[in-house]
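Here the structure is laid out as structure tokens; the discussion comes afterwards.
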Amino acid sequence: MYAVQCGKCFKWRKIQTQEEFEVIRANVTKDPFVCNKKFKVKCDDPAEIEYDSSRTWVLDKPDVPKTPLGFHRDVILRKDFSKMDVHYTSPEGKRLRSLVEVATFLEENPKYKDSISVEDFSFTTPKVVPETVPKDFVSKLSAEKKIVKHSGKMFLKSP
DNA sequence: GCCACCGGTGGC
DNA sequence: GCCACCGGTGGC
């Protein structure tokens, strides 16, 4: 599960799919998320989810490029909740773990060269928020964030 | 033999 | 101190 925080009222809005989430995230600096970007939602409406300790929150980074068509971007929380790992899977199932591996892959698969470059990939990991959250944590956020519930659900917070 | 997963580190 | 990256490996 994903959520974004409205840049105006700071309420949380759920985002249904990774696809939708990635579009918001890819453009969030030049096009900040606000409530009324969601169909029939306004800042006056109650928050769809509250920030609390029932979930482990994970702070995502802004402006991660949208995953190229046919590729998958997986963000995996380690069992000890210490950090997350990012990897991509190519259309043919090749697992890519770094920009170096992406560059090599694109060299070996020139059919992608016209449409895809290494700049379409980012291995930036969301940051796991510690259990003890500073009182001013929410107000200090300048980027968006993502949360992971213990079931693996995710949320994103925007400025 | 593969790969999901984790630990360590170099560079910033 | 953080994090992108990669080597190693245990379990299948």
Side-chain angles (χ1 to χ4, degrees), chain A residues 1-7 10 12-33 49 51-159:
Chain A
M1 185 194 298
Y2 300 90
V4 284
Q5 190 181 40
C6 174
F10 305 110
W12 289 90
R13 302 298 172 199
K14 291 186 180 179
I15 303 301
Q16 298 306 321
T17 65
Q18 180 177 357
E19 166 82 17
E20 207 179 334
F21 176 84
E22 286 199 349
V23 171
I24 295 169
R25 183 178 58 188
N27 302 298
V28 72
T29 296
K30 66 177 190 301
D31 186 19
F33 177 84
I49 188 164
Y51 176 77
D52 60 33
S53 59
S54 67
R55 296 174 177 82
T56 300
W57 289 62
V58 176
L59 176 63
D60 206 356
K61 308 290 170 54
D63 304 328
V64 174
K66 190 171 178 309
T67 302
L69 196 64
F71 288 75
H72 290 286
R73 186 177 193 268
D74 294 311
V75 184
I76 294 156
L77 180 65
R78 296 200 175 188
K79 289 192 174 68
D80 65 357
F81 292 80
S82 63
K83 59 179 175 180
M84 304 196 82
D85 295 296
V86 172
H87 69 258
Y88 288 83
T89 308
S90 79
E92 46 279 281
K94 170 77 174 173
R95 192 159 158 275
L96 304 168
R97 300 196 299 161
S98 69
L99 292 175
V100 177
E101 290 187 12
V102 169
T104 304
F105 173 84
L106 293 176
E107 286 296 324
E108 291 172 349
N109 298 269
K111 62 181 168 179
Y112 295 119
K113 279 242 159 177
D114 289 340
S115 54
I116 298 174
S117 76
V118 287
E119 281 151 41
D120 297 316
F121 297 80
S122 168
F123 291 87
T124 295
T125 54
K127 182 174 174 144
V128 181
V129 178
E131 282 295 327
T132 50
V133 178
K135 289 278 195 299
D136 60 348
F137 172 73
V138 172
S139 61
K140 266 176 27 183
L141 285 173
S142 59
E144 76 267 54
K145 66 190 293 189
K146 214 194 247 183
I147 311 173
V148 178
K149 197 180 161 80
H150 291 235
S151 62
K153 295 180 175 181
M154 293 188 181
F155 301 78
L156 171 97
K157 180 183 189 307
S158 77

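In what follows, chains are A, B, ... by sequence order, proteins preceding strands, each numbered from 1.
In this entry the distance linking CG of Leu96(A) with C1' of dC5(C) reads 13 Å, nearest Å. Atom-to-atom, CG of Asp74(A) to P of dA4(B) comes out at 9 Å; the value is rounded to the nearest Å. Between Glu101(A) atom CD and dC5(C) atom P the separation is 10 Å, expressed in whole Å. At whole-Å resolution of the value, CZ in Phe81(A) and P in dC6(B) are 11 Å apart. Atom-to-atom, CD1 of Ile76(A) to P of dC5(C) comes out at 16 Å; the value is rounded to the nearest Å. We find that CZ of Arg97(A) is positioned 12 Å from C1' of dG7(B), with the value rounded to whole Å. Across the protein-nucleic acid pair, Met84(A) atom CE and dA4(B) atom P stand 16 Å apart, rounded to whole Å. Between the P atom of dC6(C) and the CG atom of Asp85(A) lies a distance of 13 Å, rounded to the nearest Å.
The nucleotide whose nearest atom lies closest to any side-chain atom of Lys61(A) is, among dC3(C), dC5(C), dC6(B), dC3(C). Side-chain proximity of Lys127(A) to the nucleotides dC5(C), dC6(B), dC2(C) is greatest for dC2(C). The Thr124(A) side chain lies nearest to dA4(C) when the options are dC6(C), dA4(C), dC5(C). Listed nucleotides: dG7(B), dC3(C), dC5(B). Nearest to the side chain of Lys83(A): dG7(B). When the nucleotides dG8(B), dC6(C), dA4(B) are ranked by their closest atom to the side chain of Ser98(A), dC6(C) comes out on top. Residue Arg78(A) has its side chain nearest to dC6(B) when only dC5(B), dA4(C), dC6(B) are considered.
The base of dG7(B) lies outside donor-acceptor range of the side chain of Lys79(A), with no N or O pair under 3.5 Å.
Checking the phosphate oxygens (OP1, OP2) of dA4(C), a side-chain nitrogen or oxygen of Thr125(A) falls inside 4.0 Å. Distances shown here put a side-chain N or O of Arg95(A) below 4.0 Å from the OP1 or OP2 atom of dA4(B).
Residues satisfying the ring pair (Phe, Tyr, Trp, His ring centres under 6.0 Å) criterion with Phe71(A), sequence neighbours excluded, are Tyr112(A), Phe121(A). By the side-chain contact (heavy atoms from CB on, under 4.5 Å) test, Arg78(A) is found to be paired with Asp80(A), Ser82(A), Lys83(A), Asp85(A), residues two or more places apart in sequence or in another chain being considered. Applying the side-chain contact (heavy atoms from CB on, under 4.5 Å) test to Thr17(A) and every residue at least two apart in sequence or in another chain returns Glu19(A), Glu20(A). Taking Asp74(A) as the reference, nothing meets the salt bridge (charged side-chain N to carboxylate O under 4.0 Å, His left out) condition, with sequence neighbours excluded.
Each of His72(A), Arg97(A), Arg73(A), Arg95(A) was scored for a side-chain hydrogen bond (donor to acceptor under 3.5 Å, both in side chains) with Tyr88(A), with one residue passing: Arg73(A). Put simply, the residue from Asn27(A), Val23(A), Ile24(A), Asp120(A) that forms a side chain to side chain contact (heavy atoms under 4.5 Å, CB included) with Lys66(A) is Val23(A).
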Using distance only, find each side-chain donor-acceptor pair of residues 103-110 of chain A under 3.5 Å and give its atom names and separation, not counting sequence neighbours.
residue: Thr104(A); atom: OG1; partner: Val100(A); partner atom: O; Å: 3.0
residue: Glu107(A); atom: OE2; partner: Lys113(A); partner atom: NZ; Å: 2.8
residue: Asn109(A); atom: ND2; partner: Phe105(A); partner atom: O; Å: 2.8

Distances under 3.5 Å only, N/O to N/O: pair up the protein atoms with those of nucleotides 10-12 of chain C.
none

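Once rounded to the nearest 0.5 Å, the distance linking OH of Tyr51(A) with CH2 of Trp57(A) reads 6.0 Å.
If you check every strand for non-hydrogen atoms under 4.0 Å, Val100(A) touches sugar and phosphate atoms only.
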